[in-house]
Amino acid sequence: MNLLSLSQKNVLVTGGYGYLGKAICEGLAEAGASVVVLAKSEEKFQTAFAESPFKANIHFHTFDISDTDSIRKGFEEVNKQFGKIDVLINNAFYSKGQSPEKMSDEDWNYGIDGNLNATYRCIREVIPYLKENGGKIINVSSMYGLISPDFSIYQDNNFLNPPHYGTAKAGVLQLTRYFACYLGKDNIQVNAITPGAFPSEEVQKHKEFIESLKNKSPLKKIGKPEDLKGAFVLLSSEASNFITGQNIVIDGGWTAW
């Protein structure tokens, strides 16, 4: 399966120590990649990967997706340390505010910046490094960039997906298509991965809500972090060299209804 091997590949993952990010990084390292987590807290990184069997191949570099100077400096230093950048995965985001009716302008703008503008900043700043040898960009969207929330299962709890999040994630999909076309001549493939229902361990404590999520999927289950590994390995590998401008939806069939 050499097509899926990531040996000799340097893969950068923004925000790679969270609930889903950790599994993504471990999947890439398992496939042979040298993984660099780009994030703000080295302490959280160390805690997340302390017992990981792949920690020797997973590294940390300070990086703030809200700050262009930090992004620019981060790519420059990682490229110098590791010799090249092969893949960038835009996984990190930040947001605040939830109410569709009472959200402030500040919260709206903050959420758009943390989900859409930050992705653009990272794409823009990594382009010079990927142009050297070709490469890949993988943007993480959300099923709420494709569909609206089912308000019948969200209206009586605190898990309602806010409007600026889905709006920004829809923008990430268009950004993916745009840069796939723009960068194709440079042998850079740009794709997106769109997770569906992957509730955190804390959310999973709310059994009634989780059952509602399961019933929305033809598979009758929620996503587990390890369910994401294969798609990220595929789009990071040579097996995806003729795939660009596409969106892989990993939602247990939620959006197929």
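- Within 6.0 Å of NZ in K221 there are 12 or fewer heavy atoms belonging to other residues, nucleotides or ligands.
- A192 and L173 make their closest contact through CB-CD2, 3.7 Å (heavy atoms, listed as atom of the first residue, atom of the second, distance).
- Between the side chain of N109 and the main chain of D105, a donor-acceptor pair closer than 3.5 Å is present.
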Legend entry - Worked check of side-chain contact (heavy atoms from CB on, under 4.5 Å) between T194 and I250: CA-CA 6 Å; T194 292; I250 306 175; over 6 Å; no
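- By the 4.5 Å side-chain criterion applied to Ile, Leu, Val, Met, Phe, Trp and Tyr, W257 is assigned to no cluster and stands alone.
- Between the CG atom of D227 and the CD1 atom of I222 there is a distance of 9.5 Å, given to the nearest 0.5 Å.
- Under a hydrophobic clustering in which Ile, Leu, Val, Met, Phe, Trp and Tyr are joined whenever their side-chain heavy atoms come within less than 4.5 Å, directly or via other members, I112 and L160 fall into different clusters.
- Within 6.0 Å of the CG atom in N215, the count of heavy atoms belonging to other residues, nucleotides or ligands exceeds 12.
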Inset, instruction - For the pair L88 and Y129, evaluate side-chain contact (heavy atoms from CB on, under 4.5 Å) and give the outcome as yes or no after the intermediate values. - result: CA-CA 10 Å; L88 170 65; Y129 302 100; over 6 Å; no
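- Counting heavy-atom neighbours within 6.0 Å of Y94 OH, excluding the residue itself, gives a total above 12.
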Legend entry - side-chain contact (heavy atoms from CB on, under 4.5 Å) assessment of S237 paired with L3: CA-CA 7 Å; S237 73; L3 277 175; 5.8 Å; no
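- Tracing side-chain contacts under 4.5 Å through hydrophobic residues (I, L, V, M, F, W, Y), one never reaches Y120 starting from V140; they form parts of separate clusters.
- Between F198 and Y19, the distance from one ring center to the other does not fall under 6.0 angstrom.
- For the salt bridge (charged side-chain N to carboxylate O under 4.0 Å, His left out) condition, the pairs that include at least one residue of residues 117-145, sequence neighbours left out, are R72-E125, D113-R121.
- Within the structure, side chain to side chain donor-acceptor pair (under 3.5 Å) contacts touching residues 53-62 (residues at least two apart or in different chains) are H61-E77.
- With hydrogens and angles ignored, the 3.5 Å screen pairs no side-chain donor or acceptor of S141 with any backbone N or O of I193.
- With sequence neighbours excluded, no residue forms a salt bridge (Lys or Arg N to Asp or Glu O under 4.0 Å) with E43.
- Annotation: cation-pi pair K185/Y182 present, NZ/CZ under 6.0 Å from the ring centroid and within 45° of its normal.
- S95 meets the side-chain hydrogen bond (donor to acceptor under 3.5 Å, both in side chains) test with H164; sequence neighbours excluded.
- Of the charged side-chain nitrogens involved, at least one lies within less than 4.0 Å of a carboxylate oxygen, so that E211 and K214 count as a salt-bridged pair.
- Looking at V87 and L6, their side chains never come closer than 4.5 Å, going by heavy atoms from C-beta outward.
- Taking CD from Q204 and CG from L213, the interatomic distance works out to 9.5 Å, rounded to the nearest 0.5 Å.
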Scan the side chains in residues 22-42 for donor-acceptor partners under 3.5 Å anywhere in the protein, sequence neighbours excluded, and list what turns up.
unit_1 : atom_1 : unit_2 : atom_2 : d
K22    : NZ     : A48    : O      : 3.0
E26    : OE2    : S52    : OG     : 2.7
S41    : OG     : K44    : N      : 3.0

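- Sorted by first then second residue, the salt bridge (charged side-chain N to carboxylate O under 4.0 Å, His left out) pairs that include residues 248-257, not counting sequence neighbours, number zero.
- At most 12 non-hydrogen atoms from other residues, nucleotides or ligands lie less than 6.0 angstrom from NZ of K73.
- Residues F179 and I127 have side chains in contact (heavy-atom distance under 4.5 Å, counting atoms from C-beta outward).
- Looking at heavy atoms from C-beta onward, N191 lies out of side-chain contact with I248 at the 4.5 angstrom threshold.
- With respect to the salt-bridge test (charged N to carboxylate O, under 4.0 angstrom), the residues K84 and D86 qualify.
- Counting heavy-atom neighbours within 6.0 Å of K224 NZ, excluding the residue itself, gives a total of 12 or less.
- By the 4.5 Å heavy-atom criterion applied to side chains, I123 and I137 are counted as neighbours.
- The shortest non-hydrogen separation linking I210 to P199 is CD1-CG, 3.7 Å.
- Looking at residues two or more places apart in sequence or on another chain, you find a ring-ring contact (aromatic ring centres under 6.0 Å, His included) between F49 and F45.
- Between N161 and Q98 the shortest side-chain heavy-atom distance does not fall below 4.5 Å.
- Going from atom CD1 of I89 over to atom OG1 of T14 covers 8.5 Å, rounded to the nearest 0.5 Å.
- Considering only residues two or more places apart in sequence or on other chains, N139 meets the side-chain hydrogen bond (donor to acceptor under 3.5 Å, both in side chains) condition with N90, T176.
- Shown here for Q189 and S240, the closest heavy-atom pair between the two residues is CG-O, 4.1 Å.
- What you find for W254 and I153 is that their closest heavy atoms are CH2-CD1, 4.1 Å.
- Panel note: side chain T119, backbone V172; no donor-acceptor pair is recorded below 3.5 Å.
- Judged by distance alone, the side chain of D107 and the main-chain N or O of M103 form no donor-acceptor pair under 3.5 Å.
- The hydrophobic clustering, which links ILVMFWY residues whose side-chain heavy atoms are closer than 4.5 Å, places V126 and I138 apart.
- Residues passing the side-chain hydrogen bond (donor to acceptor under 3.5 Å, both in side chains) test with K9 are E238, sequence neighbours excluded.
- Using a 4.5 Å cut-off on side-chain heavy atoms (C-beta onward), T47 and Y17 make no contact.
- With hydrogens and angles left out, the side-chain atoms of N10 and Q8 include no donor and acceptor closer than 3.5 Å.
- The hydrophobic cluster containing I188 also contains I71, counting ILVMFWY residues as joined when their side-chain heavy atoms lie under 4.5 angstrom apart, directly or transitively.
- No continuous path of ILVMFWY side-chain contacts below 4.5 Å connects I65 to F60, so the two sit in separate hydrophobic clusters.
- Hydrophobic cluster membership of F93, counting Ile, Leu, Val, Met, Phe, Trp and Tyr whose side-chain heavy atoms lie under 4.5 Å apart directly or via other members: Y165.
- For D67 (side chain) and D69 (main-chain N/O), a donor-acceptor pair under 3.5 Å exists by modelled atom type.
- For the pair G252 and P218, the tightest heavy-atom approach, listed with the atom from each and the gap, is O-CD, 3.1 Å.
- Contact of the E106 side chain with the K96 side chain is registered, since non-hydrogen atoms from C-beta on lie closer than 4.5 Å.
- Checked against side-chain hydrogen bond (donor to acceptor under 3.5 Å, both in side chains), Y144 has the following partners two or more places apart in sequence or in another chain: Y154.
- Here the closest heavy-atom approach between residue S236 and residue V11 is recorded as OG-CG1, 4.5 Å.
- L116 is listed as a side-chain neighbour of L175, based on a closest heavy-atom distance under 4.5 Å.
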Legend entry - Full working for side-chain contact (heavy atoms from CB on, under 4.5 Å) between W108 and T167: CA-CA 10 Å; W108 175 271; T167 300; 3.9 Å; yes
